[in-house]
Amino acid sequence: STFIACPAVKFRHLKIQRWLIKPLMVAASSTKPNPTVHNDHLKVRRIAVDILNDIEKDNRTLDNILDDTLERKQLSDRRDRALLHALVFGILRWRGRLDYIINSFSRTRLNKIDPPVLNILRLGLFQMVYLNRIPVSAAVNTAVDLAKASSPPWVIRYVNAVLRSAARDQKNVRFPD
């Protein structure tokens, strides 16, 4: 256990403030972030981006790409596999809408954005718009971390800027009829 100092109630009639030493039970794991949790979630998202990139460049079906990827990567946790499927199928389902939102916040036209970077943007935006259990800040930070692994600094700043702008104003985007 760790001890911290905390102020006691002021005694008005004594005009003093006393300090008491109270024990504070702190678990070791709660004080430090667990890097494996972040890396596991980043791994699932990296696999999702890889699958999306494979769909863009290969002539194979999504089922074949998913089966091959799951065999190679060996995602043993059921929740990780479910998240992977939700990300890939959701991004493919809402791709047109996600691209429209990205186009609303980017000065660069979609056909000029490198496909792996565009897939990272789609992934971050999909998490912000359609997955309510993932905080917006976590979606942006994860997308930036994915961009850091394979892109120069200006691309990382671009991903961050587009997603933060979308986080602020994506509800105000007017879609065509």
Side-chain angles (χ1 to χ4, degrees), residues 36-70 72-152 154-177:
T36 58
V37 171
H38 178 68
N39 289 337
D40 287 346
H41 293 301
L42 194 60
K43 178 182 175 185
V44 171
R45 287 159 177 83
R46 168 54 59 200
I47 293 170
V49 169
D50 290 343
I51 289 171
L52 294 169
N53 291 339
D54 288 345
I55 290 170
E56 298 257 338
K57 66 181 178 185
D58 289 346
N59 251 353
R60 300 181 330 175
T61 64
L62 175 60
D63 291 336
N64 289 338
I65 293 172
L66 270 173
D67 290 341
D68 291 347
T69 303
L70 289 175
R72 279 194 329 259
K73 303 296 182 176
Q74 295 184 356
L75 288 175
S76 58
D77 188 12
R78 180 179 52 85
R79 292 176 298 177
D80 287 344
R81 286 193 308 271
L83 177 61
L84 177 68
H85 283 114
L87 290 172
V88 172
F89 287 115
I91 291 168
L92 291 175
R93 178 180 183 189
W94 297 107
R95 182 176 173 168
R97 191 176 188 96
L98 295 170
D99 287 350
Y100 188 84
I101 295 171
I102 291 168
N103 199 38
S104 299
F105 295 104
S106 174
R107 292 183 192 155
T108 306
R109 292 191 324 229
L110 289 177
N111 62 349
K112 299 289 184 185
I113 301 172
D114 194 29
V117 175
L118 185 56
N119 284 327
I120 290 171
L121 287 170
R122 288 175 181 147
L123 177 89
L125 191 60
F126 176 77
Q127 292 177 96
M128 286 191 295
V129 175
Y130 295 104
L131 298 182
N132 58 0
R133 295 186 67 190
I134 299 173
V136 171
S137 60
V140 173
N141 290 337
T142 303
V144 169
D145 288 343
L146 289 171
K148 282 180 185 177
S150 61
S151 303
W154 66 270
V155 173
I156 297 165
R157 290 191 299 270
Y158 171 75
V159 168
N160 190 35
V162 169
L163 290 178
R164 291 210 185 272
S165 296
R168 273 192 309 273
D169 296 329
Q170 60 96 9
K171 292 186 191 282
N172 298 328
V173 173
R174 311 242 313 115
F175 294 99
D177 292 332

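For this chain, numbers begin at 1 and follow the sequence in order. Keep in mind that the numbers below use all heavy atoms, side chains included, and drop hydrogens, waters and symmetry copies.
A salt bridge (charged side-chain N to carboxylate O under 4.0 Å, His left out) check over residues 108-120, counting only residues at least two apart or in different chains, returns nothing. For residues 159-169, there are no salt bridge (charged side-chain N to carboxylate O under 4.0 Å, His left out) pairs, not counting sequence neighbours. Applying the ring-ring contact (aromatic ring centres under 6.0 Å, His included) rule to pairs touching residues 118-149 yields Trp94-Tyr130, Phe126-Tyr130, sequence neighbours excluded. Among pairs with a residue in residues 155-177, those fulfilling ring-ring contact (aromatic ring centres under 6.0 Å, His included) read Tyr100-Phe175, at least two apart in sequence or across chains.
Counting heavy atoms from C-beta outward, Thr69 and Asp50 have side chains that stay 4.5 Å or more apart. Gln127 places a side-chain heavy atom less than 4.5 Å from the side chain of Leu87. At least one side-chain heavy atom of Leu52 sits less than 4.5 Å from a side-chain heavy atom of Leu92. Asp80 is not listed as a side-chain neighbour of Leu84, based on a closest heavy-atom distance of 4.5 Å or more. With contacts defined as side-chain heavy-atom distances shorter than 4.5 Å, the pair Pro116/Lys57 does not qualify. Within the 4.5 Å cutoff, the side chain of Leu70 has no heavy atoms near those of the Lys73 side chain.
Considering all non-hydrogen atoms of both residues, Ser106 and Val162 come closest at CB-CG2, 4.2 Å. Of all heavy-atom pairs spanning Leu125 and Ala166, the tightest one is CD1-CB, 3.8 Å. Of all non-hydrogen atoms in Val117 and Ser151, the two that sit nearest each other are CG2-OG, 4.2 Å. Nearest approach of Ser104 to Val173, heavy atoms of both residues: OG-CG1, 3.8 Å. Taking both residues in full, the closest heavy atoms of Ala143 and Gly124 are given as CB-CA, 4.2 Å, listed atom of the first, atom of the second, then distance.
Partners of Asp67 under the salt bridge (Lys or Arg N to Asp or Glu O under 4.0 Å) rule, at least two apart in sequence or in another chain, do not exist in this structure. Under the rule for a side-chain hydrogen bond (donor to acceptor under 3.5 Å, both in side chains), Arg157 has no partner lying at least two apart in sequence or in another chain. Take Asp63 and apply the side chain to side chain contact (heavy atoms under 4.5 Å, CB included) test, not counting sequence neighbours, and it matches Thr61. Considering only residues two or more places apart in sequence or on other chains, Arg79 meets the salt bridge (Lys or Arg N to Asp or Glu O under 4.0 Å) condition with Asp77. With sequence neighbours left out, the side chain to side chain contact (heavy atoms under 4.5 Å, CB included) criterion links Asn103 to Leu110. Under the side chain to side chain contact (heavy atoms under 4.5 Å, CB included) criterion, Arg174 pairs with no residue at all, not counting sequence neighbours. Applying the side chain to side chain contact (heavy atoms under 4.5 Å, CB included) test to Arg95 and every residue at least two apart in sequence or in another chain returns Glu56, Asp99, Arg122. Taking the side-chain hydrogen bond (donor to acceptor under 3.5 Å, both in side chains) definition, one finds that Asp68 meets it with Arg60, sequence neighbours left out.
Between atom CD1 of residue Ile120 and atom OG of residue Ser150 there is a gap of 5.0 Å, rounded to the nearest 0.5 Å. Separation of atoms CD1 (Ile47) and CZ (Arg81) is listed at 11.5 Å; rounding is to 0.5 Å. Once rounded to the nearest 0.5 Å, the distance linking CD1 of Ile102 with CG of Leu121 reads 5.0 Å. Atom CG of residue Leu42 and atom CG of residue Leu146 lie 5.0 Å apart, to the nearest 0.5 angstrom.
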Intermediate values then yes/no, side chain to side chain contact (heavy atoms under 4.5 Å, CB included), Leu62 and Ile51: CA-CA 8 Å; Leu62 175 60; Ile51 289 171; 4.0 Å; yes
Step by step, work out the side chain to side chain contact (heavy atoms under 4.5 Å, CB included) result for Thr142 and Ile134. CA-CA 11 Å; Thr142 303; Ile134 299 173; over 6 Å; no
Arg45 and Leu83: CA distance, side-chain angles, deciding distance, side chain to side chain contact (heavy atoms under 4.5 Å, CB included) verdict: CA-CA 9 Å; Arg45 287 159 177 83; Leu83 177 61; 3.7 Å; yes
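The closest donor-acceptor contact from the side chain of Asn160 to the backbone of Ile156 lies at 3.5 Å or more, if one exists at all.
For CZ of Arg107, the number of neighbouring non-hydrogen atoms (other residues, nucleotides, ligands) closer than 6.0 Å is 12 at most. The environment of Asn59 atom CG is sparse: at most 12 non-hydrogen atoms of other residues, nucleotides or ligands sit within 6.0 angstrom.
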